[in-house]
Amino acid sequence: MYEWQGDIREPDFDLELASSYVGKYILIGVSYFDAAGNFIEQKQMHGVVSSASPEGLTISLRGAREGESWVMPPNLDSVSVASPGLYSLRSTGEEIENPDLLSTWNVTKPNRS
């Protein structure tokens, strides 16, 4: 199980910029690592940004995860404008054409000794 830990709020959160993402289609990649930094797995998902607040951006997922939602931390540095084209998701086999935004994350599993 992985979860965001600690205070994930951004002190300089740009609500105007975050609000401009609402309604945009986003492609998300999350890479998971163990406490020693070894790669475990990658998950990819996509959907529409349904809301934005200092607590995070809520994504209404589509495709293989249709009906689910995912809340990403409010770090807008992880979001970029996507170049036009066809994106293949290795983890699901889906192809997404011309998403508006991309977001990538690296998550390290805490050492629980």
*Examine L61 and L27 and state if one hydrophobic cluster contains both, with Ile, Leu, Val, Met, Phe, Trp and Tyr joined whenever side-chain heavy atoms are less than 4.5 Å apart.*
no
*State, with a plain yes or no, whether a side-chain heavy atom of V30 is found less than 4.5 Å away from one of M72.*
no
*According to the ring pair (Phe, Tyr, Trp, His ring centres under 6.0 Å) rule, which pairs have a member within residues 42-67, sequence neighbours left out?*
Y25-H46
_salt bridge (charged side-chain N to carboxylate O under 4.0 Å, His left out) contacts in which one or both residues fall within residues 61-70, not counting sequence neighbours_ = R65-E68
*With sequence neighbours excluded, tell me which residues meet side chain to side chain donor-acceptor pair (under 3.5 Å) with S51.*
T58
*Using links of under 4.5 Å between side-chain heavy atoms of ILVMFWY residues, direct or through other members, which residues join L86 in one cluster?*
none
*Looking only at heavy atoms, which two atoms of P54 and P74 are closest? And how far apart?*
O-CG, 3.2 Å
*How close do D14 and L76 get, heavy atom to heavy atom, and via which atoms?*
O-CD1, 3.5 Å
*Contact summary for V71 and G56, nearest pair of heavy atoms*: CG1-CA, 4.2 Å
_Using 0.5 Å steps for rounding, measure from the OH atom of Y87 to the CG atom of N98._
8.0 Å
*asked:* Once side-chain contact (heavy atoms from CB on, under 4.5 Å) is applied, do any residues pair with L15, and if so which ones, sequence neighbours excluded?
replied: F13, S19
_Cluster overlap W105 with M45, hydrophobic side-chain contacts below 4.5 Å_ = yes
_Shortest non-hydrogen contact between L102 and A82, atoms and distance_ = CG-CB, 3.6 Å
*What heavy-atom pair brings A35 and P110 nearest, and what distance separates the two atoms?*
CB-C, 4.2 Å
_All side chain to side chain donor-acceptor pair (under 3.5 Å) counterparts of S91, not counting sequence neighbours_ = Q44
*Flag yes if I28 and L89 sit in one hydrophobic cluster, no otherwise; membership is Ile, Leu, Val, Met, Phe, Trp, Tyr, and two members link when side-chain heavy atoms are under 4.5 Å apart.*
no
*asked:* Counting C-beta onward and ignoring hydrogens, is there a side-chain heavy-atom pair between W70 and I26 closer than 4.5 Å?
replied: no
*asked:* I'd like to check the side chain to side chain donor-acceptor pair (under 3.5 Å) partners of S53; sequence neighbours left out, ordered by chain and number.
replied: E55
*Closest heavy-atom contact between K24 and L101?*
CB-CD1, 3.7 Å
*Set of residues satisfying side chain to side chain donor-acceptor pair (under 3.5 Å) with respect to S78, sequence neighbours excluded*: S103
*For residues 92-103, which residue pairs qualify under salt bridge (charged side-chain N to carboxylate O under 4.0 Å, His left out), counting only residues two or more places apart or in two chains?*
none
*With sequence neighbours left out, what residues match S20 under side-chain contact (heavy atoms from CB on, under 4.5 Å)?*
L17
*asked:* Starting from V22, can I reach V48 by hopping between I/L/V/M/F/W/Y residues whose side chains sit under 4.5 Å apart?
replied: no
